[in-house]
Amino acid sequence: MEQVICGRMFVDGELKYAEVGIDEGKIVAVGKHVPGGDERIDLGTSVTVLPGFMDPHVHFRDPGLTQKEDFSTGTASAVCGGVTCVLDMPNTKPPVVDLPTLLDKKAAVKGRAYCDYGLFAAVTSNCPANLLAPHVPAFKMFMGSTTGNILMNDDEEIIPLMDEIASTGKVLSVHAEDDDYIVKGVPENCCQDHLRNRPVEAEYSALRRLSRFKDKVKINICHCTNVPQIEYASELGFTTEVTMHHMMFEAQRHSSSIYKTNPPIRDAATRDALYECFKAGKITMIGTDHAPHTWNDKMQEYDAAPGGIPGVETTMPMVLEMVRAGDIPLSLAVSMGAENPGKVFSAPKGRIAVGYDADLLFVDFRKVTEIDQKKMHGKIGYTPYHGRRAIFPDTVIIRGQVQVEDGELCGEPRGADICG
């Protein structure tokens with residue numbers, strides 16, 4: 001056994017003293033006393049050890065749009081925010097819709113990641129799901145308009161594919177906005193206009209159409225914006241994902257193109273209810289939908305500005321501050337940020353338990369800071385969360401290797417593809 005770490009840890013749903021044995025990047029022992037170890041590290045009582053977080057929804061823009069973000073900067077941002085594994089979306093250029101494109105993307109990002117990762121494939125009308133499945137953690141379907149020619153909003157195309165997707169056993173994450181309800185060609189000048197053109201009924205309609213597959217396909221509903229949507233999805237047995245921006249921002253006050261995203265931020269009452277739903281633990285997991293765009297892109301006239309908000313480096317530090325402030329229990333932060341994403345996407349991540357990857361965070365809850373956009377590790381140089389209180393991890397370990405120390409990136413790009 002290479003290493004034993006001793007200290008106050010979140011193990012089996014509670015915070016307690018534990019010792020963790022690590023060998024070849026895996027957790028091989030957990031208990032009150034783990035003997036041996038070539039190296040023993042005693043962290044004392046001021047540090048809390050948590051499982052590394054997993055972000056099930058990022059857009060790292062690699063390949064094709066790397067002026068906004070690339071795999072190196074995106075994963076550096078992730079690991080500095082306590083995220084030890086990311087799942088990257090397929091709407092890059094070219095979009096990941098077939099095996100050659102997927103393998104090309106895998107080759108392009110290999111050796112450039114600071115955290116572990118998985119690459120989604122997009123569901124299209126001719127999707128070779130069985131060929132793609134061994135190489136991806138999940139599939140993604142866009143029922144609402146987005147980057148790339150990968151819209152899937154026709155039931156005549158969707159229905160025949162569902163049997164093949166079901167046969168793979170993989171999760172289908174869905175951008176669940178029915179494109180037929182999205183208003184096209186009507187100018188937008190602010191987030192309230194964007195909200196008008198992408199009404200909440202688009203989300204409800206998408207769920208109604210997906211309901212026929214509830215006993216066939218494992219479906220995850222991405223970036224939920226409102227409580228009725230979450231309740232309906234949960235009744236159908238779907239898992240749900242929520243972003244920080246839908247819980248923090250609202251269209252009237254946060255009206256500029258900085259806050260433009262799809263699905264849109266909604267009104268204050270909807271946002272507040274969503275936050276209460278989050279605090280009550282009624283949502284499966286947190287996903288950032290990290291979608292960076294350059295400042296110049298965002299400073300265009302609203303109608304021309306792209307939709308998307310960055311968040312991979314800031315979300316979990318803000319969640320940890322919520323824990324410190326008493327807004328949510330630590331158990332909720334760990335379940336939504338680590339355990340549940342690992343479980344949903346069948347990755348050996350998100351728990352301090354034997355057989356799991358040795359992905360660990362050392363957190364000092366006394367070290368509250370303010371988010372400073374000048375210190376972010378992404379390419380774009382800004383964040384809408386600038387000035388908000390957060391707790392960043394002191395140390396981040398991925399498969400037994402230190403990637404962040406004293407809050408600074410120190411490791412090598414040793415991140416691995418969780419699907420080989």
Side-chain angles (χ1 to χ4, degrees), residues 57 89 91 122-123 140-147 150-159 162 172-214 217 219-255 257 259-278 280 282-284 287 289 291 302-303 305-309:
H57 194 152
M89 292 296 126
N91 55 329
V123 172
K140 179 69 179 287
M141 184 167 73
F142 295 88
M143 297 177 74
S145 300
T146 186
T147 302
I150 49 177
L151 179 67
M152 278 289 286
N153 196 48
D154 185 340
D155 285 345
E156 289 187 4
E157 294 182 335
I158 292 172
I159 292 170
M162 285 302 189
L172 177 65
S173 281
V174 183
H175 182 129
E177 281 185 290
D178 186 334
D179 204 63
D180 292 339
Y181 285 80
I182 297 174
V183 178
K184 315 281 198 317
V186 177
E188 298 177 351
N189 297 303
C190 62
C191 282
Q192 287 174 295
D193 292 347
H194 194 52
L195 173 60
R196 174 203 65 208
N197 287 351
R198 297 182 82 113
V200 72
E201 180 57 33
E203 294 181 304
Y204 301 155
S205 176
L207 280 179
R208 287 193 295 268
R209 291 170 55 201
L210 291 168
S211 66
R212 72 177 70 190
F213 310 114
K214 67 183 181 68
V217 181
I219 292 176
N220 175 55
I221 305 300
C222 298
H223 37 51
C224 296
T225 71
N226 62 92
V227 173
Q229 177 193 24
I230 289 165
E231 292 176 340
Y232 185 27
S234 299
E235 288 172 8
L236 294 170
F238 300 164
T239 56
T240 52
E241 169 197 303
V242 70
T243 70
M244 188 64 75
H245 51 263
H246 287 120
M247 296 191 292
M248 295 290 108
F249 305 134
E250 50 92 3
Q252 183 173 9
R253 181 181 175 192
H254 304 96
S255 60
S257 56
Y259 305 97
K260 182 179 180 181
T261 190
N262 300 320
I265 59 172
R266 301 203 180 277
D267 60 84
T270 300
R271 175 203 61 184
D272 293 346
L274 183 68
Y275 185 54
E276 292 302 316
C277 186
F278 160 74
K282 296 180 179 179
I283 304 168
T284 310
D289 193 12
Y302 189 97
D303 216 23
I309 295 174

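We're numbering straight along the sequence, starting at 1.
Between Ala122 and Ile150, the shortest heavy-atom distance links the atoms CB-CD1, 4.2 Å. When every heavy atom of Thr225 is checked against every heavy atom of Pro264, the shortest pair comes out as CG2-O, 3.9 Å. Listed here is the closest heavy atom pair of Asn153 and Asp179: ND2-N, 3.2 Å. When all heavy atoms of Asp267 and Ala269 are compared, the closest pair comes out as OD1-N, 3.1 Å. Nearest heavy atom pair, residue Arg271 against residue Met247, reads CG-O, 3.3 Å.
Side-chain contact between Tyr302 and Cys191 is present, with heavy atoms from C-beta onward closer than 4.5 Å. Contact of the Ile159 side chain with the Arg212 side chain is registered, since non-hydrogen atoms from C-beta on lie closer than 4.5 Å. By the 4.5 Å heavy-atom criterion applied to side chains, Met143 and Glu177 are not counted as neighbours. Considering only heavy atoms from C-beta on, Met244 stays 4.5 Å or farther from Phe249 through its side chain. You'll find the side chain of Ile265 reaches within 4.5 Å of the side chain of His246, heavy atoms only. Counting only heavy atoms from C-beta outward, the side chains of Ser211 and Glu235 never approach each other to under 4.5 Å. Lys260 has its side chain within reach of Glu188: a pair of non-hydrogen atoms, C-beta onward, lies under 4.5 Å apart. Arg266 places a side-chain heavy atom less than 4.5 Å from the side chain of Leu195.
Heavy atoms of other residues, nucleotides or ligands lying less than 6.0 angstrom from CZ of Arg208 number more than 12. Gln252 CD: 12 or fewer foreign heavy atoms inside a 6.0 Å radius.
Every pair passing ring pair (Phe, Tyr, Trp, His ring centres under 6.0 Å) that includes a residue from residues 219-241 is listed here, sequence neighbours excluded: His57-His223, His175-His223.
The OG1 atom of Thr261 lies 4.5 Å from the CD1 atom of Ile309; values are rounded to the nearest 0.5 Å. The structure places OG1 of Thr240 at 8.5 Å from CD of Gln229, a figure rounded to the nearest 0.5 Å. With rounding to the nearest 0.5 angstrom, the CD atom of Glu203 is 9.5 Å from the CZ atom of Arg198. Rounding to the nearest 0.5 Å places CG of Leu274 at 5.0 Å from CD1 of Ile283.
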side-chain contact (heavy atoms from CB on, under 4.5 Å) between Glu241 and Asn220, intermediate numbers included | CA-CA 7 Å; Glu241 169 197 303; Asn220 175 55; 3.6 Å; yes
Take Met141 and Ile158, measure what side-chain contact (heavy atoms from CB on, under 4.5 Å) needs, and give me the verdict at the end.
-> CA-CA 9 Å; Met141 184 167 73; Ile158 292 172; 4.0 Å; yes
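Applying the side-chain contact (heavy atoms from CB on, under 4.5 Å) test to Ala176 and every residue at least two apart in sequence or in another chain returns Val174, Ala206, Leu210, Ile221.
A donor-acceptor pair is defined here as one N or O able to donate and one able to accept, closer than 3.5 Å; no such pair exists between the side chain of Asp155 and the backbone of Arg209.
In this model, a donor atom of one side chain and an acceptor atom of the other lie less than 3.5 Å apart for Tyr204 and Asn226. In the model, Asn262 has a side-chain atom that pairs as donor or acceptor with a side-chain atom of His194 under 3.5 Å.
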